[in-house]
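What follows is a single structure, written as structure tokens, with notes after it.
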Amino acid sequence: MPESWFASARREFHASLLTGTLTRSDGAIPSNADKGSVVSVAIANAILDQIGTSITGPKLPGQTAGANFEEICATYVRLAFAQLSHLRSGSFFVAKGGGISQFDQYAHLSALQAIAKTNREIATAIGSDYLIKPDVVIGRHPEDDAEINRNKFLVDGSVAKMTSLRKANSLRPILHASISCKWTLRSDRAQNARSEGLNLVRNRKGRLPHIAVITGEPMPTRLASLALGTGDIDCVYHFALTELRHAVAALDRDDTLELLDMMIEGNRLRDIADLPLDLVT
């Protein structure tokens, strides 16, 4: 039986990481492992052994590794989402970085920022947490009336004069998804993904975009710090969930495996291959 497109894309996603982002040191410590944790190193090594052969070399600086991970994730999402156009039609685009005020649901934040710059008291009162710049975004361009009316005469100048889907009403793209990419979760900054999600929920005018996190963190306890709970993030997506579960099961630590399975069975943790399909819903 031939390999499916998504199986091949997942393998190529891992191969891209193995070119320099996911490496192994001379001391056999994978670059996504916490060298101070025996369990983290063991799990990361077991994952790495399953997905391919890594480069042996020093660990990249955190900012460089993070930027590489974002780029690889953006490429994967762009290619995978394009394969699903038959399930969700429309003019979509995938981009790396950029502020949310460029999108229709959050355009009002630009005006808010301009007001805050002219008044210190207002700036102090409202803060700046709403100025979110997701790592990867999926946007949708508004549609011409000709496209909306392609199969039937649905709209004219007398109706639907406020919907952002019509280009006649607005030229701003619509934010379809906000994706945060966290190579590891060993810092308080990883929780920024949760606060960003909450701000996307609270500050929108219009539909809520998908809010997802992709991570390469090997430790289930650290994954749980972000995955457990609902309301701020749709789901956390692991770069190699199948391999992670095999690695944890081999440790013979029932408590760790139970925690991992709780996240999986509770729909709080999924594999990278699930993400594009979830994004078309």
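- I55 and L60 fall into different hydrophobic clusters, defined by Ile, Leu, Val, Met, Phe, Trp and Tyr side-chain heavy atoms under 4.5 Å apart, directly or through other members.
- No side-chain heavy atom of I100 sits under 4.5 Å from any side-chain heavy atom of K133.
- D274 has its side chain within reach of Y237: a pair of non-hydrogen atoms, C-beta onward, lies under 4.5 Å apart.
- Residues D278 and H210 fail the side-chain proximity criterion, which asks for heavy atoms closer than 4.5 Å.
- Residue S54 comes nearest to L48 through the heavy atom pair OG-CD2, 3.5 Å, listed as atom of the first residue, atom of the second, then distance.
- Here the CG atom belonging to L87 is positioned 10.5 Å from the OG1 atom belonging to T281, to the nearest 0.5 angstrom.
- Of the charged side-chain nitrogens involved, none lies within less than 4.0 Å of a carboxylate oxygen, so that D144 and R166 do not count as a salt-bridged pair.
- Between T221 and T256, the closest side-chain pair of non-hydrogen atoms is not below 4.5 Å.
- Residues I47 and F239 are in side-chain contact: their nearest non-hydrogen atoms beyond the backbone lie under 4.5 Å apart.
- With rounding to the nearest 0.5 Å, the separation of OG in S101 from CZ in R172 is 9.5 Å.
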- Candidate pair R222 and D34, rule side chain to side chain contact (heavy atoms under 4.5 Å, CB included), full reasoning: CA-CA 11 Å; R222 289 170 178 159; D34 179 356; 2.8 Å; yes
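- By the 4.0 Å N-to-carboxylate-O rule, K167 lies too far from D145 to be salt-bridged with it.
- If you chain together hydrophobic residues whose side chains sit under 4.5 Å apart, V201 and I174 never meet in one group.
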- Task: Show your working on side chain to side chain contact (heavy atoms under 4.5 Å, CB included) between Q50 and H246 and close with a plain yes or no.
- Result: CA-CA 9 Å; Q50 293 174 76; H246 289 161; 3.3 Å; yes
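- Side chain of H238 to main chain of E243: no donor-acceptor pair is present (N/O by atom type, distance under 3.5 Å, no hydrogens or angles).
- I51 and I29 fall into different hydrophobic clusters, where Ile, Leu, Val, Met, Phe, Trp and Tyr side chains are chained together by heavy-atom contacts under 4.5 Å.
- The minimum heavy-atom distance linking S180 with A193 is given by the pair OG-CB, 3.7 Å.
- Looking only at side-chain heavy atoms (C-beta outward), L17 and F69 come within less than 4.5 Å of each other.
- For E258, the CD atom counts as loosely surrounded, since its 6.0 Å shell holds 12 or fewer non-hydrogen atoms of other residues, nucleotides or ligands.
- By the 6.0 Å contact criterion, CZ on R253 is open, its count of non-hydrogen atoms from other residues, nucleotides or ligands being 12 or less.
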- Query: Yes or no on side chain to side chain contact (heavy atoms under 4.5 Å, CB included) for R207 and H176, after CA distance, side-chain angles and deciding distance?
  - Reply: CA-CA 9 Å; R207 70 174 298 276; H176 179 73; 4.1 Å; yes
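- Between I233 atom CD1 and I179 atom CD1 the span is 12.5 Å, to the nearest 0.5 Å.
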- Message: Before you tell me yes or no, could you show the steps for V137 and K96 under side chain to side chain contact (heavy atoms under 4.5 Å, CB included), namely the whole-Å CA-CA distance, both residues' side-chain angles and the distance that decides it to 0.1 Å?
- Response: CA-CA 6 Å; V137 295; K96 183 175 176 290; over 6 Å; no
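- Counting heavy atoms from C-beta on, the side chains of R268 and T230 come closer than 4.5 Å.
- Shown here is D252, whose CG atom has no more than 12 heavy atoms of other residues, nucleotides or ligands within 6.0 Å.
- Within the 3.5 Å criterion, the main-chain N or O of K59 finds no donor-acceptor partner in the side chain of S31.
- In this pair, F93 and F103 present their aromatic rings parallel. The plane angle is below 30°, not in the 30 to 60° band.
- Looking at heavy atoms from C-beta onward, L22 lies in side-chain contact with W183 at the 4.5 angstrom threshold.
- The backbone N or O of L198 lies less than 3.5 Å from no partner atom in the side chain of D232, so there is not a single donor-acceptor pair.
- A pairwise comparison of heavy atoms in P220 and V248 identifies CG-CG2, 3.9 Å as the closest pair.
- Contact detail for G216 and N32: the closest heavy-atom pair is O-ND2, 2.9 Å.
- Residues D49 and R24 are paired through a salt bridge, judged by an N-O separation under 4.0 Å between the basic side chain and the carboxylate.
- Annotation for K182 and V213: closest pair CG-CG1, 4.2 Å, computed over non-hydrogen atoms.
- Looking at R10, its side chain never comes within 3.5 Å of a backbone N or O of A7 through a donor-acceptor pair.
- L275 contributes atom CG, which lies 7.0 Å from atom OH of Y76 (distance to the nearest 0.5 angstrom).
- A donor-acceptor pair under 3.5 Å is formed between the side chain of S195 and the backbone N or O of N192.
- Minimum interatomic distance between A224 and M263 (heavy atoms only, all atoms of both residues): CA-SD, 3.5 Å.
- Atom CG of residue L84 and atom CZ of residue R88 lie 11.0 Å apart, to the nearest 0.5 angstrom.
- With values rounded to the nearest 0.5 angstrom, N68 atom CG is found 11.0 Å from Q63 atom CD.
- A distance-only check finds no donor-acceptor pair linking the side chain of S89 to the backbone of S85 [under 3.5 Å].
- Side-chain atoms of H141 never come within 3.5 Å of backbone atoms of G90 as a donor-acceptor pair (strictly under, hydrogens ignored).
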- Task: Just do the salt bridge (Lys or Arg N to Asp or Glu O under 4.0 Å) check on E143 and R140 with the steps written out, would you?
- Result: CA-CA 9 Å; E143 301 287 351; R140 179 175 185 174; 3.6 Å; yes
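- For F81 and F92, the gap between ring centers is short of 6.0 Å.
- Linking Ile, Leu, Val, Met, Phe, Trp and Tyr residues whenever their side-chain heavy atoms come within less than 4.5 Å places V280 and I272 in a single cluster.
- For D234 (side chain) and A212 (main-chain N/O), no donor-acceptor pair under 3.5 Å exists by modelled atom type.
- By the criterion of side-chain heavy atoms lying less than 4.5 angstrom apart, applied directly or through intervening Ile, Leu, Val, Met, Phe, Trp or Tyr residues, L257 is grouped together with L223 in one hydrophobic cluster.
- Using modelled atom types, no side-chain atom of D104 and backbone atom of S164 make a donor-acceptor pair closer than 3.5 Å.
- Remark: side-chain polar atoms of D26 are not paired, donor with acceptor, to backbone N or O of G57 under 3.5 angstrom.
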